[in-house]
Amino acid sequence: MSITIKTPEEIEKMRIVGKLAAELLDYIGPYVKEGVTTGELDKVCHDYTVTVQQAIPAPLNYAPSGHNPYPKSICTSVNHQVCHGVPGEKKLKNGDIVNIDVTTIKDGFHGDTSRMFYIGEPSIQARRLCETAFECMWLGIAAIKPGKRLGDIGQVIQKYAESHGYSVVREFCGHGIGRNFHEEPQVLHYGKAGTGVELAPGMVFTVEPMINAGRRDIRQLGDGWSIVTKDHSLSAQWEHTILVTETGYEVLTLSSGSPQKPGNLP
Ligand code: MF3
Ligand code: CO
Ligand code: CO
């Protein structure tokens with residue numbers, strides 16, 4: 001498979017599903033409180049997606065090669081969990097940080113987005129990590145324009161993260177998205193400016209940097225999905241689905257509750 005250029009009709013469908021995914025994150029926000037279990041958050045998201053949005057949660061039973069089918073409808077990655085945290089019985093407690101990653105299918109197209117949520121009062125270090133990861137995502141997005149290259153996105157993210165003393169996870173990356181959950185190209189969150197695929201209008205892909213407070217190394221838990229930092233340091237991630245336009249980019253996963261792009265970025 002190669003990189004697909006979306007038609008205007010396909011782009012319109014991706015706008016619709018992108019907004020649904022973002023609105024699901026808006027909806028779950030008030031439930032993300034001390035004492036709730038990640039399994040309960042999964043159920044609320046599943047029911048809202050299916051019943052209210054009349055859409056499909058893409059993670060449920062998703063089974064890329066080498067994986068057992070994913071058992072839940074969202075990913076919840078708490079503290080040192082990097083990504084693909086499987087919701088369960090664990091209660092969220094004061095000071096936790098949690099990434100909620102949702103992917104919605106509507107009318108055959110996917111929208112993929114995630115945000116960090118705070119439980120009560122996280123530490124200054126945890127907040128700073130989450131804010132820096134948010135800025136990393138937006139710096140990567142701001143680098144998107146026809147004629148630029150994928151390496152330009154990775155380079156700005158890596159440079160910004162490392163200048164704050166953080167590390168960038170290498171094993172997972174952004175991805176093309178459309179009729180399929182994961183399409184070409186791979187969007188690395190590290191690299192060299194001026195290298196890699198040239199961006200062209202109609203490409204749609206995610207930017208979703210995973211930033212660790214400690215070392216970049218990760219390992220997978222016995223559930224076959226959950227990824228954690230090897231050194232148990234905190235990890236944070238944000239994700240948007242982006243369309244390359246004639247003049248730059250359009251964020252497809254925005255809603256009224258989306259945290260805004262930081263004012264001090266290009
Ligand atoms: N939403 C994740 C991503 O951003 C993928 C999750 S796959 C799942 O690519 F099966 F764990 F849901
Ligand atoms: Co993604
Ligand atoms: Co995602």
Side-chain angles (χ1 to χ4, degrees), residues 3-4 14 17-26 28 38-39 41-43 45-46 49-50 55-78 81-88 98-106 109-117 133-134 136-137 140-141 144 150 153-154 157 168-189 203-211 218 220-228 235-243 251-255 258:
I3 302 174
T4 60
M14 295 206 73
V17 72
K19 184 154 186 261
L20 287 177
E23 286 173 347
L24 175 58
L25 290 178
D26 292 354
I28 198 63
T38 50
L41 297 176
D42 174 71
K43 181 167 170 32
C45 285
H46 178 92
T49 302
V50 170
I56 301 166
L60 187 60
N61 297 317
Y62 183 59
S65 70
H67 281 276
N68 53 310
Y70 189 78
K72 298 289 178 179
S73 295
I74 64 172
C75 299
T76 51
S77 303
V78 183
Q81 293 188 326
V82 173
C83 65
H84 304 168
V86 179
V98 56
N99 174 277
I100 300 186
D101 191 342
V102 302
T103 309
T104 303
I105 307 172
K106 180 89 169 182
F109 285 85
H110 292 70
D112 189 4
T113 184
S114 81
R115 298 178 195 159
M116 297 302 299
F117 295 85
F134 184 66
C136 281
M137 174 188 69
I141 293 170
I144 295 172
L150 284 176
I153 301 172
I157 293 172
V168 178
V169 171
R170 300 292 202 271
E171 290 84 350
F172 297 91
C173 54
H175 50 90
I177 182 167
R179 288 193 186 277
N180 304 295
F181 196 159
H182 294 102
E183 302 182 353
E184 284 183 38
Q186 295 197 25
V187 181
L188 304 183
H189 303 113
M203 289 181 180
V204 180
F205 53 79
T206 69
V207 176
E208 50 178 304
M210 281 143 269
I211 307 298
I218 56 160
Q220 193 181 80
L221 297 186
D223 62 16
W225 279 102
S226 304
I227 303 295
V228 298
S235 187
Q237 178 182 28
W238 297 78
E239 176 176 24
H240 271 310
T241 299
I242 313 292
L243 165 70
V251 181
L252 300 179
T253 38
L254 289 176
S255 60
S258 302

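Whatever order the structure lists ligands and atoms in, that order sets their numbers, starting from 1. Numbering starts at 1 and runs along the sequence shown. Heavy-atom basis, side chains included; hydrogens, waters and symmetry copies ignored.
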Open item on the list: Can you give me the closest heavy-atom contact between Gln220 and His67, atom names plus distance?
Closed with: NE2-CE1, 3.9 Å
- [ ] Under 4.0 Å from a heavy atom of Trp225: give me the atoms of ligand 1 that qualify, with their elements.
- [x] 8 (C), 10 (F), 11 (F)
Task: Lys19/Asp26 ion pair, N-O < 4.0 Å - done: no
TODO: Give the numbers and elements of all ligand 1 atoms closer than 4.0 Å to a heavy atom of Glu239.
DONE: 4 (O)
Open item on the list: In this structure, does ligand 1 have an atom that sits under 4.0 Å from one of the heavy atoms of Lys72?
Closed with: no
Task: Heavy atom of the protein closest to atom 2 (C) of ligand 1 (residue, atom name, distance) - done: Asp101 OD2, 3.3 Å
Task: Name of the residue among Ile105, Val102, Ile74, Val50 meeting side-chain contact (heavy atoms from CB on, under 4.5 Å) with Pro57 - done: Val50
TODO: Can you label the angle between the His182 ring and the Tyr62 ring as parallel, tilted or perpendicular, going by 30° and 60°?
DONE: tilted
Task: Expected output: side-chain Asn99 to main-chain Ala236 donor-acceptor under 3.5 Å - done: no
Open item on the list: For a quick test of reading the model, state the closest non-hydrogen atom pair linking Met210 to Cys173 and the distance between them.
Closed with: CE-N, 4.5 Å
Open item on the list: Under a 4.0 angstrom heavy-atom cut-off, which atoms of ligand 1 come close to Pro59?
Closed with: 12 (F)
Open item on the list: Could you check whether any side-chain heavy atom of Asp101 comes within less than 4.5 Å of a side-chain heavy atom of His84, counting everything from C-beta outward?
Closed with: no
Task: Protein N/O/S count near the Co ion (ligand 2) (criterion: distance under 2.8 Å) - done: 4
Task: Closest protein heavy atom (residue, atom, distance) for atom 4 (O) of ligand 1 - done: Glu208 OE1, 2.8 Å
Open item on the list: Geometry only, no angles: is Asp112 polar-contacting ligand 1 at N/O separations under 3.5 Å?
Closed with: yes
Open item on the list: Measuring only between side-chain heavy atoms, which start at C-beta, is Val169 closer than 4.5 Å to Ile218?
Closed with: yes
Open item on the list: Give me the atom names and distance for the closest heavy-atom approach of Thr113 to Glu239.
Closed with: OG1-O, 2.7 Å
TODO: Give the atoms of ligand 1, by number and element, whose distance to some non-hydrogen atom of Thr103 is under 4.0 Å.
DONE: 1 (N)
Open item on the list: I need the minimum non-hydrogen distance between Phe172 and His189, along with the two atoms involved.
Closed with: O-ND1, 3.9 Å
Open item on the list: My understanding is that we take every heavy atom of each candidate and find the minimum distance to atom 9 (O) of ligand 1. Doing that for Gln237, Met210, His182, which one comes out nearest?
Closed with: His182
Task: Closest approach of any protein heavy atom to atom 7 (S) of ligand 1, naming residue and atom - done: Tyr62 CD2, 3.9 Å
Task: Phe181 heavy atom under 4.0 Å from ligand 1 - done: yes
TODO: Please report the shortest heavy-atom distance between Val204 and Thr241, naming the atom on each side.
DONE: CG1-CG2, 3.6 Å
Task: Region of Pro64 that comes within reach of ligand 1 [heavy atoms, distance under 4.0 Å] - done: neither
- [ ] State, to 0.1 Å, how close Phe109 and Val17 come at their nearest heavy-atom pair, and which atoms those are.
- [x] O-CG2, 3.4 Å
